[in-house]
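Working notes, structure below.
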Amino acid sequence: MPPIYNHKEIEAKWRKRWQEEKIYRPDLDQPGRKFYNLMMFPYPSAEGLHVGNMYAFAHADAYGRFQRLRGYNVFEPIGLDGFGIHSENYAIKIKEHIKDVSVRTEKHFYEQLRTIGNGYDWSRTVETYKPAYYRWTQWLFLKMHERGLAYRKAASVNWCPSCKTVLSDEQVISGACERCGALTDKRQMEQWFWRITAYADRLLKNLDALDWTEEVKTIQRNWIGRSEGTLVKFSIFNPSSSLGTSFQFSNNNKFSLSNAQKLDELEVFTTRPDTLFGCTYLVVSPEHPLLKAGAAAIENLSAVEEYVAVSKRKTEAERTDASKKKTGVRLAGLAAVNPVNGEPLPIFAADYVLAGYGTGAIMAVPAHDERDYAFARQYDLPMRLVVKSASQAAGQADCFTGEGVNIDSGFLDGLNTRAAIKKMNSWLAEKGLGKVEVNYKLRDWCVSRQRYWGPPIPMVNCGQCGWVPVPESQLPILLPAMDDFLPDGSGKGPLNKIAKFVNTVCPVCGGPAARETDVSDPFVDSSWYFLRYLCTDYTDRALDKERLKKWMPVDMYIGGKEHSVLHLLYSRFVTMVMHELGYAPEPEPYRRFRAHGLLIKDGAKISKSKGNIVNPDEYIAEYGADAVRLYLLFLGEMRLGGDWRDDGMNGMHRFVKRVYRLLDQADPSASDRAANDRILSRTIKGVADDLESLKFNTAIAKLMILVNHFEKNGLAVDQLRIFSLLLSPFAPFLAEEIWSQTGTTSSIFQARWPEYDPALIKDDIINLVVQINGKLRATLAVSAEIGETEAKEAALQSERVKKWLADREIVKTIFVPGKLLNIVVK
RNA sequence: GCCGCGGUGGCGGAAUUGGUAGACGCGACGGACUUAAAAUCCGUUGGUGGUAACAUCAUGAGGGUUCGAUUCCCUCCCGCGGCACCA
């Protein structure tokens, strides 16, 4: 028997055998007890996978292998998210053509993914940059368009000056581009959008029932940002007296509306209609239509226009910096009327009000909103307190944003905030001045990109017919080859430079037309890949309904939480639409989702920019895939991430060698069968429990304890065989090798997880903890069934206990059966 | 600022519903084997005091509840992540 574990030889042998015997290729038409085990497919933004990718994949695969042993028919696919800015930026950086780079990275990524020993079904890979895939990504676009969910509009969109393309709101992380980290800006452009906001309520509501990492659900909830409020209509007048352009009010902050002429109506959105009595002015955003509609009446138009121009010139970051001084300009010549008390209200334009949320206009209540308060202080505007804190009568702050009781509020006086909101809403509704509305922070998904490396958007612009979808039969629209694929920042995609591509005929009228030259967001590619995995054998359709019915939803999805509001939100939206179209059997794609934490090294996330990259290939070559897997799984709880230390690998290498050596030690005559069976039963249960709750680290610790025990006490061959089953989710090659060397012929992954004997789990003799006043003073080996009286007797017999009790009076004793006895003394 | 997750030996990390804090591993130290090294094996390893038995302190800080708190409550501090003028 070879004493040395030759990982290279053994891994190659099993990799080949698994491939030949197709043990990871379930028959998708005969799902049986199916288990769809999904992990986030990688995107090549470097030459190869880094150890952080391996971290996620090793966990997901160990879980999948466990389900396999549990008797599930596991489908575990993999692919490459190779289209997109991430891959393209890498090619640009190394000054090569993306087409060449993608050929190379595909080869390397797949080689690496094969070496780590995951149970992938290699017959069903998807690569998003191949026509066989992106043909259907384009089909998805057409379906969205057909349902009215893909549309084009001019809007203020995010622009990355470095990537030279627009981005969706989700791809701007704290004001910076998700891909390159450059600060983004806003540009007014016409773009393609997907109407994810139409699903905002469902995306929010369904979260409650999903078995997902709670943290990710919270992030999604906050991103969707539902808020219930009221739309209130204010009448706009042109007051007779000229008010000047100063912010000062004359005559005790009052001005007259006599002879005023009603000009318009202004609608605002508020979540606190109960504070309407405290409203002392209105504010519109600099983009608000009132500025144009009311221009004739605005007396200080040039000052207003100047303010708007200044606002426009500000960067997004400057405009939305909440800590900066608030600015604004009074719309002289215009005034509104507070519908509850008929008081005239001045109107301002200020860029602290966002154009894109609510109606782009607000009612300002400086006494009950911090932003209004700051603005009112800045411009010396009146404030009126109308809500009093219910708890503290005196000492109220100038600005109170909490809930309380209404005062000086006419018909709302004495009501608490909730009741006041209700009453105000019905009052406004009665008068036709307001209605309850729900607003979401979520905006529609901007999906067009002015880049090369993506699926061309299948739309054609005809002079006669306008925007027309490309007929399904003409798909795919192949991405044409081009040497200079770099984005130029013109606001049009590089494809725009290829006349042959652009010029086409209108599918409707046959006249000359121009193709859309933007490509779609890479997140569109990944929004449906898990559906395509199941249908790669269908070349005539994107998705097969029967197939999806058999396998969707995904049973377990493990991935990073950085995708909380990106991929995980987009793919839920797309699946909802696919469900409505009858493709997906359920509106939600992932039954369970668990986020893993980050892999850290030297106190920082492993990344190229930090210079702490760990190349997994070297470690796999030196120590073997199993040792690397075990090490990654042992680092800590998956949810919390791990801390990579180079020297930690030694320990796992040692463990692998020790496990292999058990083959030499297996000898029934030398072993205490009963003791081994007891610890085996416990380990079977413990490891299964840990795996189910994704605590891979403690599962491995239990295996180590078992190995320590075997080394000391010897073991029988059948016990070693059971041990190999327990080890197999973590170290598949090593486990398979031991399995085969203990007289089995079929793969360990066709075997079943071992049963344990419940009778062996229980202890007959326990260590009863004896405390005196809560401090541990002795432990007694007693029967597990011992009762309080006996336990007390036994404890009082103990010399150690006696010493501590001396002649102190026992006040009481606390007995926890099977665990502890606490004697309380004076 | 708001929301979420964390803070435990030299290090990574364990601790069912509150019940022996530090499992398991790394590293370190001592020893065995070896001409030597690697590998392997054995032992020790939270701090302080003590030859030892043992005592005592200790889970970010400070309070509290409890017979008993890493675990529950309150007030803070620090790290990471999300949102951030969303009315």
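The sequence lines fix the lettering, A, B, ..., with proteins before strands; numbering per chain opens at 1. Quick caveat, the model's predicted, so the values are computed rather than measured.
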Between B:G49 and B:A37 - P atom distance, rounded Å:
34 Å
Give the rounded distance in Å between these two atoms: CZ of A:Arg800 and C1' of B:A53.
9 Å
Which part of the nucleic acid, if any, lies within reach of A:Trp223 when heavy atoms closer than 4.0 Å are counted: base, sugar-phosphate only, or nothing?
sugar-phosphate
Phosphate oxygens OP1/OP2 of B:C3: is one of them under 4.0 Å from a side-chain N or O of A:Arg221?
no
Watson-Crick/G-U partner (both atom distances under 3.5 Å) of B:C85
none
Between B:U34 and B:A52, how far is it from one C1' atom to the other, in whole Å?
36 Å
Check whether any side-chain N or O of A:Asn650 sits under 4.0 Å from OP1 or OP2 of B:G27, and answer yes or no.
yes
Could you work out the separation of B:G10 and B:G4 based on their P atoms and round it to a whole Å?
32 Å
Output yes when at least one side-chain N/O atom of A:Lys819 is less than 4.0 Å from OP1 or OP2 of B:G19, else no.
no
OP1 or OP2 of B:C41 less than 4.0 angstrom from a side-chain nitrogen or oxygen of A:Arg661, does that happen here?
yes
Whole-Å distance between B:A87 P and A:Asp274 CG?
14 Å
Is any side-chain N of the basic residue among A:Asp211 and A:Arg594 closer than 4.0 Å to the acidic one's carboxylate O?
yes
What integer distance in Å separates A:Arg645:CZ from B:G13:P?
10 Å
Taking only the side-chain nitrogens and oxygens of A:Trp804, find out if one of them lies under 4.0 Å from OP1 or OP2 of B:A55.
yes
Would a line drawn from the ring center of A:His59 to the ring center of A:Phe696 be shorter than 6.0 Å?
yes
Side-chain N,O (A:Ser227) to OP1/OP2 (B:A87) below 4.0 Å
yes
Does A:Lys775 have a side-chain nitrogen or oxygen under 4.0 Å from the phosphate oxygens OP1 or OP2 of B:C57?
yes
Provide the distance between the two C1' atoms, one in B:G22 and one in B:A14, to the nearest whole Å.
7 Å
Touch check for A:Leu820, heavy atoms < 4.0 angstrom, all strands: base, sugar-phosphate only, or nothing?
base
So A:Trp212 and A:Phe593, would you call those rings parallel, tilted or perpendicular, with 30° and 60° as cut-offs?
tilted
Within less than 4.0 Å of OP1 or OP2 of B:U40, is there a side-chain N or O belonging to A:Lys657?
yes
Could you tell me how far B:G18 sits from B:U59 if I compare only their C1' atoms? Round to whole Å.
15 Å
Students often mix this up, so state it plainly: with edges at 30° and 60°, are the rings of A:His596 and A:Tyr55 parallel, tilted or perpendicular?
perpendicular
C1' gap between B:G64 and B:U16, integer Å
26 Å
Angle class for the A:Tyr619/A:Tyr623 ring planes (parallel below 30°, perpendicular above 60°, tilted otherwise)?
parallel
Would one find a side-chain N or O of A:Arg654 under 4.0 angstrom from OP1 or OP2 of B:C26?
yes
Taking CG from A:Leu776 and P from B:A55, how many angstroms apart are they, rounded to a whole number?
9 Å
Under 4.0 Å from OP1 or OP2 of B:A23: is there any side-chain N or O of A:Asn697 that close?
no
From the set B:A87, B:G6, B:G12, return the single nucleotide nearest to any side-chain atom of A:Phe634.
B:G12
Is the phosphate of B:A87, meaning OP1 or OP2, less than 4.0 Å from a side-chain N or O of A:Tyr352?
no
